[in-house]
Every structure is written in C-alpha cells, then in structure tokens.
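Quick notes on the structure that follows.
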Amino acid sequence: MPHTFVIFGASGDLTSRKLVPALYNLMRAGLLPEETKIVGFSRTKMSDGEWRASLRESTKQHAGGEPFSQEAWNTFEPIIHYQPGDIESTADFEKLQQRLCSLEEGNPTPRVYYLATAPRFYTPAIAALGNLNMASEDHGDRRIVIEKPFGTDLVTAQALNNYIHTVFKESQVYRIDHYLGKESVQNILALRFANTIFEPIWNRRYIDHVQITVAEEVPVGRRGSYYDSAGVLRDMFQNHLLQLLMVTAMEAPVRFNADAVRNEKVKVLDAIRPLTLEQVADASIRGQYSGYLEEPGVRPGSNTATFGAVRLEVDNWRWQGVPFYLRSGKAMSCRTTQIVIGFRQPPLELFACDNSQAQREANRLVIQIQPAEGIQLHFHTKVPGDGMRLRLTDLEFSYSREFSGRLPEAYEPLLLDCMTGDASLFARSDEVEKSWGIIDPFVRAWSSDTTPPIPNYQPGDWGPAASNAWMHEQGQSWFDLCPVLR
Ligand code: BG6
C-alpha cells in the first residue's frame, strides 16, 4: 500500500540525523511500505536533487549499523521529494497540497504529517492542515506525529491538545517519545508480561525500591538556548523518565493494543501521589554542572537545573510504600540508562557478610537500556572452600551476545508504527497532560527556589554530592556503576 510521509521542518537536524536515516534503514530491511513517498517541506530554497544530495551525506553519517550502501541509496533516493515553503503561508501550503496530490496521482493514499519543526510552528501547521481539509480521511488515513516538547507545562499541553482536536481526532494523533522505540524499553513489557516468573515478585512484598537513571556524559553543548528554558525536568523527566516508570510499574494490559496498553500506563500516573510545593523540596534534589553558565545561549546567572533526582510514590495495591527514584543529568560520569529493581533483604542474616553494602547490593535486577542493552540479576553465592563466605555474582542477558545483527534505532519501529496505525508506543492526550501534572510542581518549586547555590557538581560526577547524602538519609544508595553490560 503506498504511503506519503510528509516532513515539516525538513531542513532541520531531526530530519537529517534521525528521520531520514530511520526511513532508509526501514527500506533496507524491506519494512518500508511499498511505494512510500517522502516529501519534505521547509523554508530553505532547495530542489529535490539538492535535498537528496544533502540527505545522502547525513544518512551516511547517521544511519548507524551496517556500512552505507550506495546501491540501497539508489533505490531509496527517488522516493524523496522536496517542496519549499513557509508553514505560515496559505499559498505555500496550497502548493504543498497540490504537490502531494500530484505525487499520489489521485489515488487514495494514507498520509503521515510529521511535525519536526520548532514547537511554535505546531499550531500554524495544524491550522493550515485544517483549513485546506488535509486532515480529512476521505482519501486515506491521515495521521499527525508531534515531537516533544509537547507544551511546557500542564496548561500549555492542554491548550495544544485542545487545538489539535479541533482538526484531528485523537486516533489520528501520534505524540512521539523516542524512548518507547528503544528495543530494551519494549523488552521490559516482554520481560514482565511474556514470563510468569517475575510477576509474583514484582510488587511491594518483594521490592524495596526502584531506581531509574538516565545519565548523559555530554554537556548541553549547542542546545543552550533551548535547554536553558527547559531544564532537565521538562527535557527528560516529563517524557522519557516517566515513560520508563510507567512501563516498569503498569499492570498487564488485557490485550496488546494501543488503548489497553495506554489505559494501564495512565493508571500508574493516576496513582502517583500528588505533592505540595513544600513536599517537593523533600522529594527532590537538583544540580547544575560547573561550566554550564559558559555554554552558548545560556542566560548569565541561570538557575536552570542540568541534574535532577526525584522520589515518587505510586499509591496503589502493587506499589504502595515502594519509592521510585528517578534521576537524570547532563555532563555526568558516563552515558547509561538503567532501571534498577532493588529487592528486599532476607528477613534473617544467616551468613555473616563482611560488608553491609555488599549485602544490599545483592537481590537486584538491573535492566540496562543503553549503551549496551541487556539485563543482569545480582545475587550472593558461596565462595568455594572453608566456611560460608559470600560473594556477589550475577546472571546476565545481553542483546549483542544473544542476537546477531544491528538493533534498530528507536525511530525505526516508531515511524513504521505511525504508518501502519499502531499507537501503542505513542503518548495519548491524557497521558501527556497527567505527566505534566506530576512534573509541574517540581518545576515551580525549583524555579522559585534560589537555594542550594548552583553550580554544584563537576562534569564527570554523578550529580551533586547532596544527591548521595539525600539517598543515604533515606537508607538508600544510588547504583552508580557505569554500564554494567558492554
Ligand atoms: C532528548 C533530549 O529528548 O533525549 C536530549 O532533548 C537528550 O537532551 C536525549 O540528550 C537523550 O536521548 P538518548 O536516546 O540519547 O538517550
């Protein structure tokens, strides 16, 4: 079935670094629906040929995995088209519509409109699609994909949802969070719901706490002006970290479809205990790396947090009393994304253990999302020989050892899903709004508080020292190992 994939913001970084390489990889894997056409729309004046030439270079650089194949590119290139135009110009939009109709040769063709633009263009683009009747499904499905940031708080997210719904039905809207496209995130669903052995212990009776860390080694770099108004809460917590929490904590859906999965995820958000501004201080730590203020685009004296740690409580039968610690930062010790399930200690210490830290470090399941993907179970074993000496050891599953070939980049399954109409891995309107409802109090409390003085951690640290002290006060410690799997 032919598809038309229309990219708004075609000359931007997202298109060249992520979207087109993902579409190219899908085609190479034989997964791109036959006769798909890719149409780019943005203000830069370019011909089809010029856009294709620049995409060839960027795809070579960013497609990852297998070496670039000129032969594959030769097959891919002819499906790429470019239409210059301004999102805010009705005349340019009309030209785009004519171009699409002529490429589709009058045949009913499903279309995906992908908003890869700056967020301020979301509403003009949606308005124009509505005015020109381009959202109507008389000639095939029409879907719209919206990138993050989806609003900057609950009020703006609600306003954006309301606006979208004046033109598109909710079933046509795909709010993308690339974390849900990562193989190892989807594998959490398989681990939990395709096996029976984890379910009986996946609850407050056996789990002491959960840690979710998304650490990045890179500093803010070129994105200073965007980042300085977003900060780590809006950039990472409202979307990626809460998504990881939802897939870790959700109940099994009754079936694997978009509504059933998203209903269960939303129930987790509903169960998160609301916090007052005063409680937020006790439930969070923020930081800024030294050198952030010198990054281009950052306001002098900016108070923006580049590191955050928050404690959330999920008040339902499964999780009541089990704290979820979420942590993320830029310029940290290493790049690692991991979910650590800390199980309770045995009720009796039968065997002397030299080290109480080692005692706590056993009984832990580490789900590593990146850079290498896999799972490790940490437990005690007896050291051979005299006496009952214990040592920490592990069982390990590693994607790269288990499966040959390259793992698809996160955007690949997601782009395919929006073409085939599977919204399971996309956020629904209520999900996005409830996420903002959870993060907003932290944003408000942090922006109104000028203590502690920041910057407060050095690039290469695991965030500020206060973050460790905060965990120790609660009888916990962060799991600070750089990638446990390689
Ligand atoms: C993006 C954030 O959504 O996710 C970036 O805006 C961050 O600041 C990125 O670097 C992290 O994604 P990944 O896939 O590299 O972990």
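When a ligand or atom number is given, it counts from 1 through the structure's own listing order. Note that these values count all heavy atoms, side chains included, but never hydrogens, waters or copies made by symmetry. Position 1 is the first residue of the sequence, and the numbers go up from there.
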Salt bridge check: are R318 and E199 linked by an N-O gap of less than 4.0 Å? yes

Consider only side-chain N and O atoms of S424 and D422, and report whether a donor and an acceptor are under 3.5 Å apart. yes

Is there a donor in the side chain of Y289 and an acceptor in the side chain of E295, or the other way round, less than 3.5 Å apart? yes

Could you check whether E216 pairs with K330 (Lys NZ or Arg NE/NH1/NH2 to Asp/Glu carboxylate O, under 4.0 Å)? yes

Salt bridge or not for R28 and E66, using N-O below 4.0 Å? yes

Anything with a heavy atom under 4.0 Å from ligand 1 counts, so go ahead and list those protein residues by chain and number. K148, H178, Y179, K182, E216, R223, D235, M236, H240, K330, R335, Q370

What are the two closest non-hydrogen atoms of R52 and E77, and how far apart are they? NE-O, 3.2 Å

